[in-house]
Amino acid sequence: MDFLTLLQVLDSTVRLATPLLLACLAGLFSERAGIFDIGLEGKMLASAFFAAATAALTGSVWLGLLAGIASSMVLSAIHGLASITFRGNQLISGVAINFLAAGMTVLIAQDWFAQGGRTPSLMSGGRFEDITLPLAGTLAPVPIIGPIYAELISGHSILVYVAFLCVPATWWVLFRTRFGLRLRAVGEAPEAVDTAGVSVIGLRFAAVGICGLLCGLAGAYLATGLQAGFVKDMTAGRGYIALAALIFAKWRPWYALWACLLFGLLQAVALRYQNIDLGGIVIPVQFMDALPYILTVVILAGFVGKAIPPRAGGEPYVKER
Amino acid sequence: MSPHSPADAPAIELKGISKAFGPVQANKDISMRVMPGTIHGIIGENGAGKSTLMSILYGFYKADAGEVFISGKKTEIPDSQAAIRAGIGMVFQHFKLVQNFTVLENVILGAEDGGLLRPSLAKARGVLKQLAAEYELSVDPDTQVQHLSVGHQQRVEILKALYREADILILDEPTGVLTPAEADHLFRILDNLRAEGKTIILITHKLREIMEITDTVSVMRRGEMTATVKTAETSPEQLAELMVGRKVLLRVDKTPAKPGAKVLEVENLRLVDDKGVERLRGIDLEVRAGEILGIAGVAGNGQSELLEVLGGYATATGTVRVNGAAMPLSGPGSDGQSRRACGIAHVPEDRQHEGLIMPYTAWENTAFGYHRDPALQKGLLMDNAAIRADAAAKMDRFDVRPPDPTLAARNFSGGNQQKIVLAREIERNPDILLVGQPTRGVDIGAIEFIHQQIVRLRDAGKAILLVSVELDEIFSLSDRIAVMFDGRIMGVRDPAETDQTELGLLMAGITEKPDRPLIDAVDAKLDAKEAREAGHG
């Protein structure tokens with residue numbers, strides 16, 4: 001494999017890791033606060049559809065982004081209401097949201113656009129354009145560094161940069177701010193937060209809200225950044241892979257970055273090498289496509305080591321004496 | 001005491017507090033005054049309403065009626081935040097700490113000074129240093145709470161309250177989980193706090209603690225405050241009578257034991273739990289016919305596992321012989337049924353989960369474990385009439401109240417539940433009785449009866465292995481005392497030739513005189529144990 005091919009694979013790794021990373025950080029906020037969220041998938045899907053649909057109807061990608069975030073946050077609010085206010089089962093609520101999003105997006109898409117459950121392809125203005133960073137052209141001829149800067153670092157849409165900046169931001173919020181301290185505490189020992197006179201419910205809703213926001217970004221990026229429009233089930237299990245990455249990352253933001261890049265790389269390799277010929281044995285495309293999912297299972301089963309989830313995760317908080 | 005309050009106003013005054021949960025009146029028209037700079041004890045049996053009253057004071061529950069005055073000022077306490085603002089700090093029986101946070105992080109949680117942590121942490125570090133020097137409350141501020149011993153965790157809870165500038169400190173059963181040395185240290189801390197003018201409310205069911213440290217004491221019974229007296233002017237006997245409503249015998253009457261043949265022999269018993277932590281690390285002991293071997297120790301040092309292995313619901317390695325015959329410790333023949341067949345009866349530590357099935361009736365519960373007895377069978381079916389008659393007779397002999405076999409187990413009080421379990425096990429005439437925490441959560445009145453039954457069984461020539469975290473109980477029942485710490489037997493003593501101090505040190509794993517201050521030696525041992533367990537968990 002030559003240098004340029006490698007760069008191209010890495011470039012597409014970055015693009016493919018972006019939605020995973022946003023969703024993974026979304027789950028991180030929620031689960032660190034003690035709310036398991038299996039509905040990342042559904043929220044991304046809803047956001048992808050409403051972002052694409054709004055962009056298609058208004059021609060503005062930014063309005064699309066707002067619509068995507070709004071739809072994701074509405075689903076988050078439902079999850080919060082079910083699992084925080086009414087102390088319901090968080091897994092069931094999450095699954096319900098996934099089903100709701102899967103069905104609703106296609107239904108509305110068919111009603112609005114009548115194109116078989118998809119939105120029209122987005123023209124420029126309806127999509128996030130790639131940004132060329134300053135000096136990319138000037139530096140390009142410099143060996144090694146030039147192509148890395150021009151090809152790999154420059155030339156992504158704004159949401160990619162946002163996603164990667166979210167990693168240090170998440171770390172800073174969690175470990176350097178009062179909000180982060182309380183958020184981590186509420187996922188470990190809500191009774192400690194409660195007796196300290198801080199609202200458990202308020203903190204958990206805030207966390208679920210941030211989760212909705214980040215899932216909204218992830219979904220909007222899928223439909224208006226990575227691709228040009230919404231198609232049925234376009235999240236293709238990314239919400240679940242993000243959850244796997246979250247466990248792999250042991251609920252830590254920097255580890256989450258590396259975990260998502262790994263899964264992104266697997267997807268990039270699968271996309272690029274559809275049929276691999278290994279000395280007469282041809283590995284079929286289906287296997288390559290399945291590879292990221294197979295590795296998800298393998299990594300979760302064997303390589304995670306001791307991943308301790310937040311202690312109060314999945315448990316609705318009931319005050320006791 | 002806050003500077004602007006009149007010096008003669010009580011730190012806390014409650015007037016006519018009432019609280020009902022459905023039909024249960026947990027607190028009935030309670031009035032109480034606690035003067036500043038004093039330690040006030042609240043004593044009462046389980047379910048007397050002590051915890052409810054304190055939860056109202058800390059804003060966890062809203063009283064149905066009544067008023068709270070803090071330093072003479074009427075104060076509404078709708079939530080914990082308001083309680084903290086009013087200068088009330090609470091140390092709960094079950095600590096409210098974030099296990100994987102450091103001591104500093106736990107202390108500032110909810111009391112941060114701004115949006116960013118760094119300044120708050122720096123400030124807390126200084127304050128903690130000062131508090132440590134002032135009150136003998138030293139804890140390493142950068143250790144994660146999960147690596148601290150229980151006694152140190154409790155100090156963190158006290159530090160949390162002091163960091164919030166609490167003037168009134170409520171402690172709910174603070175010594176239940178401490179070794180005697182740790183409890184002594186806690187009382188020294190409380191002494192220091194009192195000397196600084198803090199007001200302390202100590203909730204406990206241990207008469208000895210009340211006599212040792214409090215200035216005044218209130219007694220609660222069935223939701224009512226039956227008396228408030230000066231500690232110097234009362235006696236344990238009088239307090240017990242006020243708690244129960246009749247005269248109680250606090251010491252057990254028993255004659256010297258007449259030990260016979262070895263009935264139970266345990267050699268090199270080892271158990272590794274499912275987290276990979278070794279809970280029993282080579283236990284050797286023997287119990288003879290006609291004696292009570294008491295196992296003393298703070299909860300969580302392997303006593304429960306020992307009972308589980310002997311009772312047949314945990315597997316281990318080593319040797320256990322009953323009347324000379326070795327028992328399998330894993331695989332077939334190591335279950336509870338086989339144990340009972342060998343003459344081992346077991347009154348488990350956790351009667352509500354292991355001893356009884358709470359929603360089932362008393363008569364069903366009296367047959368569990370022995371339901372294959374031919375006397376209780378009728379062909380393929382259970383002979384329910386026979387079981388019911390049997391249960392009624394047992395409940396009569398053990399004075400279970402109400403004597404109604406058709407009531408569900410959960411409808412009996414703790415003491416009467418325990419009598420049902422005891423009746424079931426003792427009446428089978430076992431060779432060996434394993435009994436764990438026989439009087440935990442049992443009213444004083446029933447304690448007397450339960451102790452008498454255990455001694456009666458000993459006098460009938462049976463071997464009894466008693467596990468209890470209450471040293472008083474160990475002393476008054478045992479003929480020999482073995483002390484467990486961190487999965488090992490630290491020593492066996494004759495109760496006539498030892499005292500609470502010596503046992504207390506053994507309970508902290510200290511077998512010889514340490515070359516440094518005692519409490520430091522105890523702290524080091526307990527922290528080492530915690531680290532060993534956390535290292536695997």
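Chain letters run A, B, ... following the sequence lines, proteins first and then strands; every chain starts at 1. Computed from a prediction, not measured in an experiment: that's the story for all the values here.
- In this structure, chain B has heavy atoms under 4.5 Å from both the backbone and the side chain of A/Arg184.
- Shown here is A/Phe179, whose CZ atom has more than 12 heavy atoms of other residues, nucleotides or ligands within 6.0 Å.
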- Would B/Phe95 and A/Thr195 count as a side-chain contact (heavy atoms from CB on, under 4.5 Å) if you check the C-alpha gap in whole Å, the side-chain angles of each, and the deciding distance to 0.1 Å? CA-CA 10 Å; B/Phe95 304 145; A/Thr195 51; over 6 Å; no
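- Of the listed residues (B/Asp79, B/Asn100, B/Ile84), the one with the most heavy-atom contacts under 4.5 Å to chain A is B/Asn100.
- Taking both residues in full, the closest heavy atoms of B/Val98 and A/Ala185 are given as CG2-CB, 3.9 Å, listed atom of the first, atom of the second, then distance.
- Contact count against chain A (heavy-atom pairs under 4.5 Å) is highest for B/Gly114 among B/Ala82, B/Ser120, B/Gly59, B/Gly114.
- Among A/Ala189, A/Pro190, A/Gly180, A/Gly197, the residue making the largest number of heavy-atom pairs under 4.5 Å with chain B is A/Gly197.
- If you take CG on B/Leu117 and CH2 on A/Trp172, they are separated by 9.0 Å, rounding to the nearest 0.5 Å.
- Distance check, rounded to the nearest 0.5 Å: CZ of B/Arg118 to OG1 of A/Thr177 gives 12.5 Å.
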- Take B/Leu116 and A/Arg176 through the test side-chain contact (heavy atoms from CB on, under 4.5 Å) and record every step on the way to the result. CA-CA 6 Å; B/Leu116 297 185; A/Arg176 286 291 178 269; 5.5 Å; no
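- Within 6.0 Å of the CD1 atom in A/Ile201, the count of heavy atoms belonging to other residues, nucleotides or ligands does not exceed 12.
- A distance of 9.0 Å separates CG in B/Leu97 from CD in A/Glu191, rounded to the nearest 0.5 Å.
- No more than 12 heavy-atom neighbours from other residues, nucleotides or ligands sit within 6.0 angstrom of CD on B/Glu165.
- For the atom pair CD (B/Glu105) and CZ (A/Phe175), the distance works out to 9.0 Å, reported to the nearest 0.5 Å.
- Smallest separation of non-hydrogen atoms from B/Arg164 and A/Ala196: NH2-CB, 4.0 Å.
- Counting heavy-atom neighbours within 6.0 Å of A/Arg311 CZ, excluding the residue itself, gives a total above 12.
- Atom CD of B/Gln146 and atom CD of A/Glu188 lie 8.5 Å apart (nearest 0.5 Å).
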